[in-house]
There are 2 protein chains.
Amino acid sequence: MKPATIRDVARRADVSVASVSRVLTGAGPVTDATRKRVMEAVEALQYVPHSGARSLSTSKTSTVGVILPDLYGEYFSELIRGMDLAARALGYHLIVSSSHDDAEEASAAIRSMRGRVDGLIVLSPHLGAANLAGSLAGRLPVLLMNAGADAGRPSIVVDNHGGAVAAVEHLIATGRRRIAHIAGPTGNLEAEARLAGYLEAMAAAGLPTTVVDGAFTKASGHEAGVQLAAMATRPDGVFAANDNMAIGAMLALQEAGVRVPEDLAVVGFDDVPLAGLVHPGLTTLRINIAEMGRSALERLVKLIQSAGAADADAACEVVRPQLVVRPSTNPATQNPTRASRASAAAAVPLPEGENP
Amino acid sequence: MKPATIRDVARRADVSVASVSRVLTGAGPVTDATRKRVMEAVEALQYVPHSGARSLSTSKTSTVGVILPDLYGEYFSELIRGMDLAARALGYHLIVSSSHDDAEEASAAIRSMRGRVDGLIVLSPHLGAANLAGSLAGRLPVLLMNAGADAGRPSIVVDNHGGAVAAVEHLIATGRRRIAHIAGPTGNLEAEARLAGYLEAMAAAGLPTTVVDGAFTKASGHEAGVQLAAMATRPDGVFAANDNMAIGAMLALQEAGVRVPEDLAVVGFDDVPLAGLVHPGLTTLRINIAEMGRSALERLVKLIQSAGAADADAACEVVRPQLVVRPSTNPATQNPTRASRASAAAAVPLPEGENP
DNA sequence: CTGTTAGCGCTTTCAC
DNA sequence: GTGAAAGCGCTAACAG
């Protein structure tokens, strides 16, 4: 009734367990005759190696853990997709663990990974989590993402500050002067860097600033949009800390009769797939999210495989977002509506995939 | 240098490993004094139990595997989110494995799960995969999703046929008569059920049918839209086998100068978050995807915990999609643009979540 | 080339 | 209440 073990196979093939192991792992010398007998027994018994046992024996799990704050929305799904792709290619499994809002939970999640994974990718937008990962992971290789530019630890970060500056400069370049910012949640390092970039760029241009609070959600963006629309001297441009909020704000503005971009131009951040599909298409700072995920996983595996090597790769890779101009700031870059698709085609790549 | 083991703790606390185990697992009688000594040692050594070893010993991994055909797009990310939520609540981990287009790959993925998980959720939109899962999984509990109504095996399926009929009937009810269908990929059970529903409903109404091929992707929907727009007697309604294609088709139609819904009404399937945000909002058949994922995981865990029980839950749960009417078929249900948000609010819930 | 054996780190009877 | 010892299923020396 219970699944066959390597001993059952050995017994049946009338060889030692060692030989079975050799045949199955492909390591070590084996006679063709032996191999054949083993394979037959494997077949007959429907034997499948127990990877847990193998892991314990080799102290390698071929699995990496991904610790996320949340699993909502396109940003993270894209990220995981990229990681999964790379993991498959490298023969690794992916174990995901999300919804860790506070450091406490994340901490528990990380400890529970010991003996289960060979390494960890930790997304820690909150300050505490970064240290956390280091202290708790023990000797486990860890790759940090979206944390501040934490020196001395392998990590990948987005140039949030630079992106924010680019966003503001683009708005200014298109003639906007009263530019507001919809900020992300306080305590979130990425949100804070984007806010800082906004403030700096505005100061550099000698323009007054307006900041509305948000929480990275579409709903919070919507609220912010309502506020913007109701302002006495309404802004003529807004830079939202992410696409989600930008989209929420656009909806609110349009509901209030504010025309985008004529009355008010909107810029987001991330370039989630949705950004190119809303109406009007959203100008944003593109991060190739899936690609970043792929890169993260590959680096982690490299880290794992060279574990202990002195030339530890403790670099902090910086991903620079790229400005993608769409109709939400520039009417000339029309949405693909009743118009030639030519101009929009480049800016609005359609994500693929067979989804029911 | 290496992480501490239970023996290190035992030595340090000057007790047996058994006692350490008892303290840590909370099982068995222990003196307060002993417990205290153990905890101190644990603290001092930064000891974290090795879950792999524990798994081998208890033959429980507290992990479930999810086998997916692909990880692209909102459908699957929503699904995983629901599963992850339930898994956390039940103390389980989630290991995801995707991009298994053919049965061969899925097969390999499934076997590689042995000894790594306590059960499997298999999404097998292709015929072969379902059987496969059964035969390969051995004594592993398996929950099938999105396979045909496979009797005699625990599963969750969407009532694709019924949904398709509802879609067509809605189009007919709004006065459409030349109703086309954009089909999903052949060989995909869900796509085929939706096609069958369309054909049946049309036949029942005595209307002629038009079927355009698609592949569940936005791009294929776009192509289909181009074809529809170019037809000699253009349809005045179209039912796409999923939202992705419906959205792609809408874009193509609008580019061709066809007005939606005035000239041509569009209905999708799934109600992915995007459906409520495109312009015009897409009428579709709503499946609460995350909820379905949650339900799937909970059922699997129940299956695991009652493993071997005679009253095996081999039921096939049927999820009935619900028609959500939006402007793509009914101009009266306006998009939230320059209009009261009241009517649209119910139909266009904004998904939440903090995403950078 | 093959078999024997000692673990991997932990849980769990079973005596004491 | 506590400890010694026997595995969980597999791999990897080490002898033959």
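Chain letters run A, B, ... following the sequence lines, proteins first, then strands; residues in each count from 1.
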So for the helix from C:dC1-D:dG16 to C:dC16-D:dG1, with five pairs setting each end axis, what is the inter-axis angle to 10°? 40°
List for me each residue that meets side-chain hydrogen bond (donor to acceptor under 3.5 Å, both in side chains) alongside B:Thr34, sequence neighbours excluded, and say none if there are none. none
What nucleic acid atoms does A:Thr25 come within less than 4.0 Å of, heavy atoms only: base, sugar-phosphate, or nothing? sugar-phosphate
Minimal heavy-atom distance between B:Ala296 and B:Ile156, with the atoms involved, is CA-CD1, 3.6 Å
Distance alone, cut at 3.5 Å: any donor-acceptor contact between the side chains of B:Tyr75 and B:Asn146? yes
With heavy atoms under 4.0 Å as the rule, sort B:Arg114 into base, sugar-phosphate or nothing. sugar-phosphate
Could A:Asp84 and A:Arg81 be called an ion pair, given the rule that one side-chain N must be under 4.0 Å from one carboxylate O? no
Are any side-chain N or O atoms of A:Thr61 and backbone N or O atoms of A:Asp118, one a donor and one an acceptor, separated by less than 3.5 Å? yes
Residue pair A:Ala4 / A:Tyr47: nearest heavy atoms and the distance that separates them: O-CD1, 3.3 Å
Span of DNA chain D engaged by chain B, first through last nucleotide within the 4.0 Å heavy-atom cut-off, is D:dG1 to D:dC10
Can you tell me which residue among B:Leu79, B:Val122, B:Val66, B:Val158 is in a side-chain contact (heavy atoms from CB on, under 4.5 Å) with B:Met145? B:Leu79
Does any donor atom in the side chain of B:Arg116 or A:Thr63 lie under 3.5 Å from an acceptor atom in the other side chain? yes
Give a yes or no on whether the backbone of B:Arg54 and the side-chain of B:Thr58 come within a donor-acceptor separation of less than 3.5 Å. yes
Check whether any side-chain N or O of A:Ser21 sits under 3.5 Å from a backbone N or O of A:Val17 as a donor-acceptor pair, and report yes or no. no
Rounded to the nearest 0.5 Å, how far apart are CZ of A:Arg294 and CD1 of A:Ile289? 14.5 Å
Derivation of the side chain to side chain contact (heavy atoms under 4.5 Å, CB included) call for A:Ser112 and B:His93: CA-CA 9 Å; A:Ser112 81; B:His93 286 263; 3.1 Å; yes
Contact boundaries of DNA chain C with chain A (under 4.0 Å, heavy atoms), 5' to 3'? C:dC1 to C:dG9
Looking at DNA chain D, which of residues 56-66 of chain B put a heavy atom within less than 4.0 Å of it? B:Leu56, B:Ser57
For B:Arg88 against A:Ser97, the heavy-atom pair lying closest together: NH1-OG, 3.8 Å
When all nucleic acid strands are considered with a 4.0 Å heavy-atom cut-off, which category describes B:Thr34: base, sugar-phosphate, or nothing? sugar-phosphate
For side chain to side chain contact (heavy atoms under 4.5 Å, CB included), just list the numbers for B:Leu123 and B:Ile67, CA-CA rounded to whole Å, side-chain angles, deciding distance to a tenth of an Å, and then say yes or no. CA-CA 6 Å; B:Leu123 261 84; B:Ile67 308 284; over 6 Å; no
For B:Arg12 and B:Ala41, work out which heavy atoms get closest and say how close. CG-CB, 3.6 Å
Using a heavy-atom distance cut-off of less than 4.0 Å, which residues of residues 9-23 of chain A contact DNA chain D? A:Ala18, A:Ser21, A:Arg22
Please compare B:Ala53 and B:Val30 by the position of their nearest nucleotide in DNA chain D and report the one closer to 5'. B:Val30
